[in-house]
2 protein chains.
Amino acid sequence: MTDDVLGALGDVPPGEMRAYLHRMADWIADYRETIETRTIVPHIAPGEVAAGTSARLPDHAEPMSRILGDLDTVVMPGVVHWGHPAFLGYFGSTSNGPALLGELAAAALNVSAMTWKTSPAATELEGVVLEWIRELIGLPPAFTGVVYDTASVATLHALAAAREVSGSEIRARGVAGRADVPLHRVYTSDQAHSSVAKAMVVLGLGEENVVRVPTDDAFRLDARALRAAMEADIALGFRPTAVVATIGTTSTASVDPVADIAELCRTNGVWLHVDAAYGGAFAALPEGRWVMRGVEQADSFVVNPHKWLFVPLDFSALFTRHPDALRSVFSLTPEYLRGDATADGTVVNYMDYGIQLGRRFRALKAWMTFRALGRDGLISRIREHCRLASLLADRATQHPGIALAAPPMMAIVCFRFEPAGTSADETDALNEAVAEAVNASGMAYVTHTRLRGVSCVRVGIGNILTTERHVEQVWSVVLSEAQRLGALR
Amino acid sequence: MTDDVLGALGDVPPGEMRAYLHRMADWIADYRETIETRTIVPHIAPGEVAAGTSARLPDHAEPMSRILGDLDTVVMPGVVHWGHPAFLGYFGSTSNGPALLGELAAAALNVSAMTWKTSPAATELEGVVLEWIRELIGLPPAFTGVVYDTASVATLHALAAAREVSGSEIRARGVAGRADVPLHRVYTSDQAHSSVAKAMVVLGLGEENVVRVPTDDAFRLDARALRAAMEADIALGFRPTAVVATIGTTSTASVDPVADIAELCRTNGVWLHVDAAYGGAFAALPEGRWVMRGVEQADSFVVNPHKWLFVPLDFSALFTRHPDALRSVFSLTPEYLRGDATADGTVVNYMDYGIQLGRRFRALKAWMTFRALGRDGLISRIREHCRLASLLADRATQHPGIALAAPPMMAIVCFRFEPAGTSADETDALNEAVAEAVNASGMAYVTHTRLRGVSCVRVGIGNILTTERHVEQVWSVVLSEAQRLGALR
């Protein structure tokens, strides 16, 4: 491989580009093969990565091989290895071979799936994989989908549709300065994702109009409390606009009673959005399908294949029974796209359903992964993650001085060290310290969260590479760090 | 390469994965090498791509080599080749070798750059490339940046900050049902991007509160008309909240008089957002730096490296002199991220500046491209695109029966066939038909747009592979299709 810089114009010469691509293929293969040997969290201080590269844009072209070399010397020392099989933070990692190949192909094509005409393949495969997902998790055919980057963006779109269908021509006229627009309220549990509040802020409805409904001892939204909250608000003149129910909350994977909530929504004419960003995948399992009870009555539903369906970041699927409502908020075709935006109903132009015009070919990686794993492969892996989580929960339950902090659900386990004779604050600090120490060890990765004001250690399993051996490894690091810190005595 | 399906659990076996990666490396190299021989727009009817793949998720794993084979048989027949050097639609395509290598590495790492702790390298390289971009285009050091997917999202964030700093605690309380919140108005030219209206819709401020200010004969916002509009609105009790000035409008790349607009904004305490999604790149050239006049007074500024700085979709950089305002709207740290979200000011957590929590490692592709091309390489390519556009504009000017529809600017040319003795409507139809026919030929790609209600053909040059020969090819297809259709007589 030569070290030629790029000429004054044009791209990397073809022969060289091919060589670099093969070098990158080996780099990726090496990375995947050695990922287990890596220190998960680098020992690095703020500023070290930046210090390894010029603070100023280089004046002249640098040799490609030097830049590729810097991947190892500058970038990798600052990488947290999310794909490591002992990385059990958040929901694990969705990296896998087939999806990675799909990402590479999509990057080479670099199309924008704003309209069918500008990207027939990206548009149609998006429709295909959305149908696959819908059917896999048991959403009725009345739901049609659209892909966004994240569930935060999907929920924002769902609540924008809810705001619109509440009347008052909000798209056109907005909500400010109008006596005829009521105070919209959105209800969600005290365990719900921060994206609900962020959406309300963005939509101009106000963070304080998110009503946090209490949850029961399994962290599920209390439907009676919801009813009471809605009735009290209605009496005060507020307008209940939407409820966001969660299937698989971020901290504990708890599942709200969607059927009960749906009934309340129907009675009061309220939009029901279901945040199944994580838990939707669980519904692919026959034994997990119960989480979908009542979902057929929802108005919108989001599931993130980039959380637990083996599609890498980013890929979030919003489904709704009211695509027209979504389109009525977001369709706005500029002049230079009128020729591309066939509006005769024969094709879908996904730009009509969202804020973004530029849309990557996200469907390709999903299409490749889902085919490479198949329905049974998806199911067996998700089921295995649940088994591993349940194994870890058993360990926690059986160990003196450790208590489960929440009922284990799906592939999420929250547990808490409770050393005798230790104050609540000190216990919190110890639990947080254990999580920090586990991560600092470089051999395992967990998160800590707070449940009802109490700190605990949280594990999420979702990586295709994670096996029982890795869970044992994480557990052993957790125990030894806890012992070292005095959280276990 | 074997055709083994994936086992019941786990990923593609390492040896096979390496082979598939090399197969993909060759596929990408072949694609880049042969892209010029492709039919740009496929001859395909709606539904054909979808018909080539199962409507139902396959029950069992399919062989990886079959899936990779389907890239050629199912996907490629439905791909519009945005990276073809004769694709001169929109702003051209930002595909290039170094960026592609960066995309591949980022896909392999699959980290989420929500906080520094979860992704030190992604966070710090984001800061580094943002600084490079800022300095390259001459934005003062007072501006700090954040990367989003698209300019639509960036502008939404900028206007959310503008809404917040206008007072009234809008984040917390929203704008609905409040007598103390005025009717916010946002001003932008009649040539501005549709994202301004979409942002106003989302923010709950209403599409009809976007005031479309007329433009002069070069499609530049008329500052006197802006002043008059603002004064009239103030007299009526509206609150001018923001002005969105454009550097490089989508249709004609026109440049609003930012300095004049800035003065009006300062006088009236109005947030100035500059949409330089396309035109910001032009400021990298000494001869293009004039477009930045007045920008130092802007409150926020967006430039899309995925439009003309050779960074593939998606990558949009928002800069602001008020990062605290942005953070005051969007910072919301959930419990399970508190441990990661160091708030001592030593590091940046980009999740604090946006709607999305999940954030891809977008900086890597930018870092690799900018180094591989260098400042002079970026400048020489952008300059060459302008030269090619100007060459095309000359051709149009000199050809009887063709008139420029707008002053050529940057690398955008709009021209119009004006056959003698043809009605305005018929002339519009002919111009649209020419653009359609050019695209249907498969040998060239252009867009059509409407300027002051009149249709014309629009060309945008931005692809690293586009040379004079390709521009000649496009021009020759345009002329022959125009002749065939009777647009040229």
Side-chain angles (χ1 to χ4, degrees), chain A residues 8 11-12 14 17-18 21-22 24-25 28-29 33 46 49-50 57-62 67 75 78-79 82 95-97 103-104 107-108 110-111 120-121 124 132 150 171 173-177 183 194 201 204-206 312 332 334-336 346-347 356 358 371 374-375 377 380 449-450 464, chain B residues 8 11-12 14 17-18 21-22 24-25 28-29 33 46 49-50 57-62 67 75 78-79 82 95-97 103-104 107-108 110-111 120-121 124 132 150 171 173-177 183 194 201 204-206 312 332 334-336 346-347 356 358 371 374-375 377 380 449-450 464:
Chain A
D11 201 1
V12 183
M17 187 61 198
R18 187 178 297 268
L21 283 163
H22 282 288
M24 183 56 72
I28 295 173
E33 287 177 24
V49 174
L57 172 63
D59 285 330
H60 310 296
E62 293 186 63
I67 300 169
V75 179
V79 168
W82 284 60
S95 284
N96 66 83
E103 285 270 33
L104 310 195
N110 192 29
V111 300
E124 295 196 14
W132 289 3
T150 61
R171 170 182 173 146
R173 300 177 56 203
V175 290
L183 269 173
S194 54
V201 170
L205 301 179
L332 201 170
E335 289 296 351
Y336 61 93
T346 56
V347 296
Q356 291 101 335
R371 294 180 63 190
R375 180 190 308 267
S380 61
T449 190
R450 285 173 77 83
I464 202 169
Chain B
D11 200 1
V12 183
M17 186 61 198
R18 187 178 297 267
L21 283 164
H22 283 288
M24 183 56 73
I28 295 173
E33 287 177 24
V49 174
L57 172 65
D59 285 329
H60 310 296
E62 293 186 64
I67 300 168
V75 179
V79 168
W82 285 60
S95 284
N96 67 83
E103 286 270 32
L104 310 194
N110 192 28
V111 300
E124 295 196 12
W132 290 3
T150 61
R171 171 182 172 146
R173 300 176 58 203
V175 290
L183 270 173
S194 54
V201 169
L205 301 179
L332 201 171
E335 288 297 350
Y336 60 93
T346 56
V347 297
Q356 292 101 334
R371 293 181 63 191
R375 180 190 308 265
S380 60
T449 191
R450 286 174 77 83
I464 202 169

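In what follows, chains carry the letters A, B, and so on, assigned in the order in which the sequence lines appear, proteins first and then strands, with residues in each chain numbered from 1.
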Of all of A:Leu205, A:Leu104, A:Val79, A:Asn96, which one pairs up most often with chain B through heavy atoms under 4.5 Å apart? A:Leu104
B:Ser95, part contacting chain A, at a heavy-atom distance under 4.5 Å: both
Assert top hit (heavy-atom pairs under 4.5 Å, partner chain A, pool B:Val111, B:Ile28, B:Asp59) equals B:Asp59
Salt bridge (charged side-chain N to carboxylate O under 4.0 Å, His left out) filter on A:Arg171, not counting sequence neighbours, yields B:Glu207
Over all atoms of both residues, closest heavy-atom pair of A:Arg18 and B:Ala29: CZ-CB, 3.5 Å
So do B:Glu33 and A:Met17 actually touch side chain to side chain, heavy atoms under 4.5 Å? no
Let's test your reading of the structure: which of A:Arg371, A:Glu103, A:Met24 forms the most heavy-atom pairs below 4.5 Å with chain B? A:Arg371
Which of the residues B:Thr150, B:Leu332, B:Leu183, B:Val175 is involved in the greatest number of heavy-atom pairs with chain A at under 4.5 angstrom? B:Val175
Hey, mind stepping through B:Val49 and B:Val75 against side-chain contact (heavy atoms from CB on, under 4.5 Å) and telling me if it holds? CA-CA 7 Å; B:Val49 174; B:Val75 179; 5.9 Å; no
Tell me which of these, B:Gly177, B:Pro312, B:Ala108, has more heavy-atom pairs under 4.5 Å with chain A than the rest. B:Ala108
List in chain and number order the residues that pass side-chain hydrogen bond (donor to acceptor under 3.5 Å, both in side chains) with A:His22, two or more places apart in sequence or in another chain; answer none if no residue qualifies. B:His22, B:Asp26
